Structure formats: structure tokens, C-alpha cells
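Encoded as C-alpha cells, the structure appears first; notes follow it.
On a predicted model such as this, the values are computed, not experimentally measured, just so you know.
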Amino acid sequence: MQIKKIIPICILLLLSCSFYAIGYTRERLEIFELNLVDDSKPKFYFVKLLQGSHIVIYDKDGNKKQSIQPIFPDNEDGYKKDKYQLPQKYRQSFLTASGISETDNLFVYNYKYNKLYSFPISKLEIFAIKDDCFPTDETNYQFGFALALNQLPQDYDHNDTYDPSDTTFVYIGKENPFAQQQLTLLNWQKINDKEYYYLAQTHGLHYYLATLGKVWDHLERDYYPKIGILVVKDSKNSILFNHDYFSKTIYSTLPLNGKDKDHEYKNQWTGRLFKNKPLVVFGFVSKMGCPVIDFIDSSFPSYDIRLRCDLRFYSCK
């Protein structure tokens, strides 16, 4: 009798474990930005991790765990240079403050061309880059990894102005999180609907977009639709995603794709960006220079992705 009671319980446990195994995984991803530092000779790419060098590390309960003071304290030239290579003796302090190991890798994924590049952390140099036109100490510097231009294939027209942050995401860790499945650029078409003004279709889904008038683009000297509400429905007309971007005042709206026949803007993308994760959609709004990534799945809120971006890259020259 005891054995007969145990067997059904075991079967239920196995079914439960099997269901969990085929489900999507839940871990928070930190996504960094790849910037081009073009006011330096030679030019180079930079992934910022820290601002300033007086770093305090806290545990999961919010208690102070470790203080690193500072990363390189013996600079003798009065911080006159635009950039410094971090001396080897301070490298471990930087890695500890960043939560990174020498055995980690830096993954650069170009979603436009569906290309992935991987670099061992142990092979990358760490630099401090000026974050102020008149730096007075190391707190006015950004710390991060540098990549030479020739470390990434030049997939763009050399005659054009290119910002790698427009088409790349960066992740640092043991394993590559990117699915490496070509994402789809949403092709918006105007529609006659009482609620929505634009429609795009791909992956068997319908992307409906409501816009709220137009906004002036100072760079392009033209108007483009202001993003409102995005609704994604499946083939059965069930709503999978419903989000009001307009109410998120902390975000900056982005122009729609296909402003003209040449697709002057290429901002909104969708598809399988991460392994073992639902489909994503991004490029409607930006946060600190990075396009906000949303999962098309209500059980995967956008805060599962932490965007580590910064708008403070500028030239003082």
C-alpha cells in the first residue's frame, strides 16, 4: 500500500520538474552599452562599468560589505590626461568593485547583422576616461574596458557617422546569453482603425501602435510620430503585450521605422534576443541612450533587464 501511494507522488514530481525544465529561465540580465570614443587618438570602443573610483559594495540586505578606496590613488600628473590605462596592481580592485572575474567574457552582439564577438576579460585593458572637461581628481573619470577598432569588423560605411550603441548590446559573464537569431525590423504600415494608427506583422504576431501627434526632431529638422501605446496580439486576437510608453516620462521617445521608403529610421526591432527567454520588442523609447527592451510575455517584466547605459559621452574639444 505504501508503494502505491508513493508512485503517484513521484510521477507528479517528475512532471513538475519536466514542466519547469522546458519553461523560460528567470535571471536578471545586465546589458551594457558599447560607445565609440572618437575624440581620442587612436579612436577606440569603450564599455563603461564604473563612474569614479570610491566604490562601496553592499550585500543583498543593503549592508555595507566592502569599500574600495580608490582604484588608482597615486596619479602624479594632476589628472591632466583625457585617459589613463589602469595599472596592473589596481586591476583586481576594479574587477572586485565591478563584480567581474578574469574568467568572464565580454560579449558584443550586433543585432543588425546578427554577429557575436567574444573577448576574454583577462585579455582586455582597463581605462579611465575623462568625464569632465576640467577633471580635478579620479572621481571625474569613467572606468571600463577598451576595445580597439580593429577588434570588431567594420560592418558599416566608413563615410557615414556610426555609433555602435545604435546596433549593439554588451553582456559580461561566463556564457553568452544571446540567442543569435536574426531580429526583425518592424515594418510599420498606416491602417484605418479607431484605436491604432500603425500595424506591423511578423513571427505570426500583430503589432498595433497608437501615436499621439508628432514631435519635432531637431537633428533631422523634421517631424515624426510620437510613440503612444503598443499592443501585440497573436493569431487568435489574444493580447500578449499592452504597454503605454507615453506615460513613462523618464524615457525619450524614438522615431518610427520607415519614415520614408529608404527606412531612414531603424529603431524598432523584435524577435528572440536572449536564450531561453520570450520574444522581445525594443526601440520605442530609450533610457539613458539605450533602447528599452520589453519581453512579449506578461510574466517577464522589463525590470528583468538592467540597462547600464550613459549619455555623458561627449567631447570637450
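Atom CG of Leu279 is separated from atom OG1 of Thr184 by 9.5 Å, given to the nearest 0.5 angstrom. Summarising the geometry, atom CD belonging to Gln201 is positioned 12.0 Å from atom NZ belonging to Lys233; distances are rounded to the nearest 0.5 Å. Atoms CG and CG, on Leu95 and Leu49 in that order, are 9.0 Å from each other to the nearest 0.5 Å. Taking CG from Leu183 and NE2 from His203, the interatomic distance works out to 7.5 Å, rounded to the nearest 0.5 Å. For the atom pair OG1 of Thr168 and CG of Asn110, the computed distance is 6.5 Å after rounding to the nearest 0.5 Å. Residue Asp297 holds its CG atom at 10.5 Å from CZ of Phe241, rounded to the nearest 0.5 Å.
The hydrophobic clustering, which links ILVMFWY residues whose side-chain heavy atoms are closer than 4.5 Å, places Leu240 and Val231 apart. Both Leu273 and Trp269 are assigned to one and the same hydrophobic cluster, defined by single-linkage of ILVMFWY side chains at heavy-atom distances under 4.5 Å. Ile239 and Phe295 are members of different hydrophobic clusters when ILVMFWY side chains are connected at heavy-atom separations under 4.5 Å. Val281 and Val285 end up in the same hydrophobic cluster when Ile, Leu, Val, Met, Phe, Trp and Tyr side chains are linked at under 4.5 Å.
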Is there a side chain to side chain contact (heavy atoms under 4.5 Å, CB included) between Phe46 and Gln142? Walk through the geometry before answering.
CA-CA 10 Å; Phe46 185 69; Gln142 301 180 14; 4.2 Å; yes
I'd like to know whether Gln189 forms a side chain to side chain contact (heavy atoms under 4.5 Å, CB included) with Asn187, so could you lay out the CA-CA distance, the side-chain angles of the two residues, the decisive distance to 0.1 Å, and finally the verdict.
CA-CA 7 Å; Gln189 304 295 327; Asn187 182 21; 3.2 Å; yes
Can you check side chain to side chain contact (heavy atoms under 4.5 Å, CB included) on Ile31 and Val170, steps first, answer last?
CA-CA 6 Å; Ile31 301 299; Val170 176; 5.9 Å; no
The test is side chain to side chain contact (heavy atoms under 4.5 Å, CB included); show your working for Ile293 and Leu307 and say whether it passes.
CA-CA 9 Å; Ile293 305 170; Leu307 297 175; 4.3 Å; yes
Derivation of the side-chain hydrogen bond (donor to acceptor under 3.5 Å, both in side chains) call for Tyr109 and Asn176
CA-CA 9 Å; Tyr109 179 57; Asn176 163 42; over 6 Å; no
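Not a single donor-acceptor pair under 3.5 Å links the side chain of Ser238 to the backbone N or O of Asp234. Using modelled atom types, one side-chain atom of Thr270 and one backbone atom of Val280 make a donor-acceptor pair closer than 3.5 Å. Side chain of Arg306 to backbone of Leu29: no donor-acceptor contact under 3.5 angstrom is found. Gln182 contributes a side-chain N or O that, together with a main-chain N or O of Tyr111, makes up a donor-acceptor pair within less than 3.5 Å. Under a 3.5 Å cut-off, the side chain of Arg272 and the backbone N or O of Lys277 do form a donor-acceptor pair.
His206 and Tyr208 have parallel rings, their planes meeting at less than 30° on a 0 to 90° scale where 60° marks the start of perpendicular.
Between Leu152 and Lys115, every side-chain heavy-atom pair lies at or beyond the 4.5 Å cut-off. Thr211 is not listed as a side-chain neighbour of Ile229, based on a closest heavy-atom distance of 4.5 Å or more. Inter-residue side-chain proximity for Leu116 and Phe178 is flagged as met; some heavy-atom pair is nearer than 4.5 Å. Within the 4.5 Å cutoff, the side chain of Asn267 has no heavy atoms near those of the Phe282 side chain. Between Phe274 and Ile305 there is a side-chain heavy-atom pair separated by less than 4.5 Å. Here the side chains of Leu209 and Leu199 are not in contact, with every heavy-atom distance at 4.5 Å or above. In this structure the side chain of Tyr207 never reaches within 4.5 angstrom of the side chain of Gln268, judged on heavy atoms. The shortest side-chain heavy-atom distance between Thr202 and Leu186 falls under the 4.5 Å cut-off.
Salt-bridge formation is detected for the pair Glu102/Arg91: a Lys NZ or Arg NE/NH1/NH2 atom is positioned less than 4.0 Å from an Asp or Glu carboxylate oxygen.
In terms of heavy atoms, Gly283 sits closest to Leu254 at O-CD1, 3.3 Å. Residues Glu195 and Ala210 share a closest heavy-atom pair of O-CB, 3.5 Å.
Aromatic ring centroids of Tyr245 and Phe284 lie under 6.0 Å apart. Taking the six-membered ring for Trp and the full ring otherwise, Phe32 and Tyr171 have centroids separated by 6.0 Å or more.
Evaluated for a ring pair (Phe, Tyr, Trp, His ring centres under 6.0 Å) with Phe145, the options Phe107, Phe119, Phe94 yield exactly one hit, Phe94. Ser101 pairs in a side-chain hydrogen bond (donor to acceptor under 3.5 Å, both in side chains) with only one of the listed residues (Asp104, Asn105, Thr103), which is Thr103. The one candidate from Leu149, Asn35, Val37 that meets the side-chain contact (heavy atoms from CB on, under 4.5 Å) condition with Tyr45 is Leu149.
Within a 6.0 Å radius of NZ in Lys41, no more than 12 heavy atoms belonging to other residues, nucleotides or ligands are found.
In this structure, Lys190 is not positioned above the aromatic face of Tyr197 in the sense of NZ or CZ being under 6.0 Å from the six-membered ring centre and within 45° of the axis.
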